[in-house]
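Only one structure is covered here, and it is reproduced in the block below.
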Amino acid sequence: MALKVNPDERANGQAAPATTNVTIDAQREAREARIHQLLRDDDELLGKAYDSRLMRRLGGYLTPYKPRVIVAIILMTASTLFGVAGPAIIGFAIDDGIRAGSADVLRLWTIVFLVTSIGEWLTNRARVHIMAYVGTRIVADVRSELFRHLHRLTLNFYSNYSVGRLMSRLIGDVGVLLDFMTWSITGLFRSVFNLVGIVIAMLLLNWQLALVAFAVMPLMVWLTNYWRQRVRQAYRATRQRLSLINGFLNESISGIRVTKSFTRETRNFQYFDDLNRSFFDANVEATRLAALFFPGVDFIGSLATALVIGVGGWLVLGDALTAGTLVAIVLYVERFFDPIRELAQRYNTFQATMAASERIFELLDLQPDLVDAPDAQPLPRVSGDVVFDDVSFAYREGDRSVLHNMNLHARPGERIALVGETGAGKSTIIRLLARFYDITGGSLRIDGHDIRAVTSDSLRQQLGIVLQDTFLFTGTVADNIRYGRLDASDAEVRAAARAVGADDFIRRLPDGYEAEVGENGSNLSVGQRQLVSFARALLADPRILILDEATSSVDTATERIIQSALDTLMKGRTSFVIAHRLSTIIGADQIVVLDHGRIVEQGTHEELLARRGRYYNLYTMQFRKTV
Ligand code: ATP
């Protein structure tokens with residue numbers, strides 16, 4: 001936003017800073033409004049704290065680890081029993097040992113106490129160990145299921161889903177699940193078990209005094225309800241804001257080059273500070289609630305202890321209660337509030353897990369909108385005869401068509417140049433040929449096989465696709481060339497590189513073919529990246545080549561190398577080229593001129609020039625100047 005400066009104020013030079021402040025405030029308001037809009041758009045569900053349908057589905061992941069989980073539950077039960085026995089044992093030691101003056105009995109109960117403590121420690125340790133193993137395995141299973149599933153989804157899905165959101169599913173939601181799986185399955189039961197065990201032990205020891213202790217329960221229920229109702233919103237707000245921060249971090253780092261070139265750093269800092277502050281504010285609210293609840297629980301605990309000591313002490317004085325029982329009940333009261341505190345703390349994990357698993361399952365339930373027909377056959381090795389027969393296509397059902405009744409016949413080995421203005425449908429044609437989308441009308445045949453009747457794998461194995469924005473994977477140059485044919489020998493990799501003229505520059509790299517290309521080939525120049533991608537396509541030896549010629553300009557020497565690489569690549573293969581180079585267009589067997597999804601002219605360079613129609617105009621206005 002431009003700074004608004006009132007000319008009158010500018011004249012006296014005094015009021016300008018005030019105006020600047022107003023404008024900065026307006027900018028800040030605009031940014032805050034944007035944050036709120038993002039929060040509204042955010043798909044973080046508030047989620048139920050407990051959803052039996054989700055729990056059953058999550059439980060399904062436990063099945064392969066059933067024996068381990070059963071052992072963990074047995075261990076958990078044992079450790080709870082050992083733990084609950086502690087205060088009662090101390091009570092017996094006081095009454096039957098100390099007060100009765102029997103050193104033997106005191107020794108006996110002391111040993112029993114020691115044994116139960118060791119028992120509790122060992123069983124707990126084993127349980128935590130087992131559940132950490134099971135939880136980590138389950139989460140690895142879910143992660144790998146998600147990863148596989150994402151590879152099955154079609155490009156339609158990727159056009160509608162942002163990478164940031166996917167990453168937050170794969171990392172954030174799966175992380176929440178890990179926390180839940182390792183702790184909750186037994187931890188939750190342990191807390192409930194403990195609570196029930198303590199109540200029973202107290203009632204058995206002295207039910208009247210137990211009821212005195214439970215007199216604080218209405219207060220506890222009120223506090224817990226207050227907490228429960230508010231904390232969900234508060235934690236949701238912090239999570240949402242954290243996900244905005246993560247999203248912005250992701251985007252800023254990926255786009256750092258653009259940010260620097262447009263010197264947007266300061267704006268980015270301001271926006272990030274706003275996000276950070278918004279997270280801070282939400283966090284302060286969550287902390288305020290925690291500061292209210294947990295000390296509150298402690299206070300109610302002390303209140304219960306005071307009641308028990310007051311009433312119990314009075315009973316002891318009147319000989320209606322032994323001192324040992326009183327001590328045992330006081331110890332139980334203290335322990336009683338631990339599981340409550342733990343359950344309250346875990347309440348958020350529980351609710352976050354429900355929301356996270358809901359989103360993970362939603363993603364896993366998405367069906368790929370393009371699957372092989374049940375009777376799909378592998379496509380035999382083809383000669384490359386491609387027919388578009390009255391093909392129509394719309395990206396989504398109900399959308400307007402982007403290709404209308406298109407007819408095109410490419411004979412084996414022919415070069416087809418697709419030209420037309422932006423948005424004419426050139427990329428759509430090559431996406432249909434690779435069956436990234438299914439045509440909505442007509443048929444598309446290769447060597448007489450309808451591409452919907454063959455398996456996608458067998459189809460794509462015979463296609464070589466070289467796109468404008470060459471994507472190289474982290475690894476060595478050789479790895480990247482070998483990407484489409486893993487069994488290729490080193491000699492074959494080199495031969496492919498030599499054939500496209502890449503061998504020279506590769507050998508000059510510090511580690512030659514073993515040089516790391518960096519993330520998405522960042523260590524190589526644009527032209528070098530293109531050559532590596534040509535070598536990759538050549539090595540895979542496809543029958544049909546799909547090429548989206550790069551528009552980026554390279555120096556004349558590289559241009560010449562690329563040109564001859566392309567000739568090598570296209571030789572003997574049916575090639576569909578979204579052509580930007582004049583030489584590719586002139587050398588094509590057929591030039592297909594597209595306009596708004598229709599073929600408006602078709603023929604060789606000379607034929608089309610002679611017609612003095614659309615191609616002639618394109619050629620004279622656009623292509624000729626690139627010579
Ligand atoms: P350019 O030369 O700019 O790459 P193009 O000729 O390759 O353009 P296409 O990408 O095939 O054009 O686009 C044809 C039409 O289809 C355009 O109107 C475009 O808006 C639309 N389109 C492209 N991709 C999608 C998509 N994933 N979902 C919906 N519509 C799309």
Side-chain angles (χ1 to χ4, degrees), residues 150-166 366-371 386 388-408 410 415-442 444 451 456 460 463-471 526 530 533 544-553 566 575-585 588 590-602 608 613-615 617-626:
L150 286 175
H151 277 69
R152 276 197 293 273
L153 291 175
T154 57
L155 291 192
N156 231 343
F157 164 79
Y158 288 97
S159 336
N160 298 326
Y161 227 86
S162 79
V163 175
R165 274 170 73 200
L166 271 182
L366 278 181
Q367 291 302 318
D369 49 10
L370 201 149
V371 283
V386 181
F388 283 77
D389 187 359
D390 215 26
V391 167
S392 298
F393 174 71
Y395 274 97
R396 270 173 286 274
E397 237 180 82
D399 272 13
R400 65 179 180 86
S401 290
V402 290
L403 286 184
H404 313 269
N405 310 91
M406 194 190 121
N407 287 293
L408 175 65
R415 293 183 189 184
I416 314 291
L418 302 170
V419 298
E421 278 160 14
T422 179
K426 305 176 296 285
S427 312
T428 307
I429 291 177
I430 62 174
R431 285 181 202 138
L432 293 180
L433 186 56
R435 208 178 165 219
F436 288 140
Y437 297 90
D438 257 345
I439 56 177
T440 40
L444 207 175
I451 63 167
S456 307
R460 293 194 191 128
L463 299 178
I465 306 178
V466 181
L467 296 177
Q468 257 197 48
D469 45 348
T470 329
F471 196 96
V526 176
Q530 277 184 35
S533 79
I544 299 171
L545 187 76
I546 291 175
L547 185 72
D548 189 358
E549 265 186 353
T551 44
S552 50
S553 46
L566 283 176
S575 313
F576 286 80
V577 190
I578 298 182
H580 298 294
R581 284 188 176 78
L582 188 66
S583 50
T584 316
I585 298 171
Q590 289 188 59
I591 300 168
V592 175
V593 186
L594 288 153
D595 183 31
H596 291 93
R598 289 179 207 281
I599 298 183
V600 287
E601 280 178 11
Q602 201 168 352
L608 295 184
R614 185 70 63 93
Y615 177 74
N617 289 340
L618 269 176
Y619 172 72
T620 45
M621 287 165 59
Q622 201 176 328
F623 296 125
R624 205 157 47 173
K625 52 178 190 266
T626 63

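Indexing begins at 1, ligand by ligand and atom by atom, following the structure's order. We're numbering straight along the sequence, starting at 1. Just so it is clear, the structure is predicted and the values come from calculations on it, not from any experiment. What you see below is based on every heavy atom in this structure, not just the backbone, and it leaves out hydrogens, waters and symmetry mates.
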Per-atom contacts of ligand 1 with Arg431, taking only distances under 4.0 Å to non-hydrogen atoms: 23 (C), 24 (N)
Whether Tyr395 and Phe393 hold their rings parallel, tilted or perpendicular, with breakpoints at 30° and 60°: perpendicular
Under-4.0 Å heavy-atom contact with ligand 1, by part of Thr422 that carries it: both
Heteroatom distance test (Gly423, ligand 1): nitrogen or oxygen, under 3.5 angstrom: yes
Shortest reach to atom 26 (C) of ligand 1 by a heavy atom, considering only Phe436, Tyr395, Tyr437: Tyr395
Under 4.0 Å to a heavy atom of Arg396 - the qualifying atoms of ligand 1, by number: 28 (N), 29 (C)
Leu467 vs Ile465 side-chain heavy atoms within contact, under 4.5 Å: yes
Sub-4.0 Å heavy-atom approach of Gly420 to ligand 1: no
Numbered atoms and elements of ligand 1 in range of Arg400, under 4.0 angstrom, heavy atoms: 18 (O)
Contact summary for Lys426 and Glu421, nearest pair of heavy atoms: NZ-O, 3.1 Å
Side-chain donor/acceptor of Thr440 to backbone N/O of Ser392, under 3.5 Å: yes
N/O donor-acceptor pair under 3.5 Å between Arg435 side chain and Arg460 backbone: no
Test of proximity, Ile578 against ligand 1: N or O pairs below 3.5 Å: no
Closer than 4.0 Å: a protein non-hydrogen atom to atom 19 (C) of ligand 1: no
Atoms in ligand 1 flagged as close to Thr428, the criterion being non-hydrogen separation under 4.0 Å: 9 (P), 11 (O), 13 (O), 14 (C)
Minimum-distance pair of heavy atoms, taken over all atoms of Ala424 and Leu594: CB-O, 3.7 Å
Stepwise side chain to side chain contact (heavy atoms under 4.5 Å, CB included) test for Asp390 and Asn407: CA-CA 5 Å; Asp390 215 26; Asn407 287 293; 3.9 Å; yes
Which residue and heavy atom of the protein sit nearest atom 2 (O) of ligand 1, plus the separation: Lys426 NZ, 2.8 Å
Element-labelled atoms of ligand 1 that are located less than 4.0 Å from some non-hydrogen atom of Ser427: 4 (O), 5 (P), 7 (O), 10 (O), 11 (O)
Heavy-atom neighbours of Arg614 CZ exceed 12 at 6.0 Å: no
Distance in Å, Ile451 CD1 paired with Leu444 CG, rounded so as to fall on 0.5 Å steps: 4.5 Å
Which residue and heavy atom of the protein sit nearest atom 16 (O) of ligand 1, plus the separation: Val402 CG1, 3.2 Å
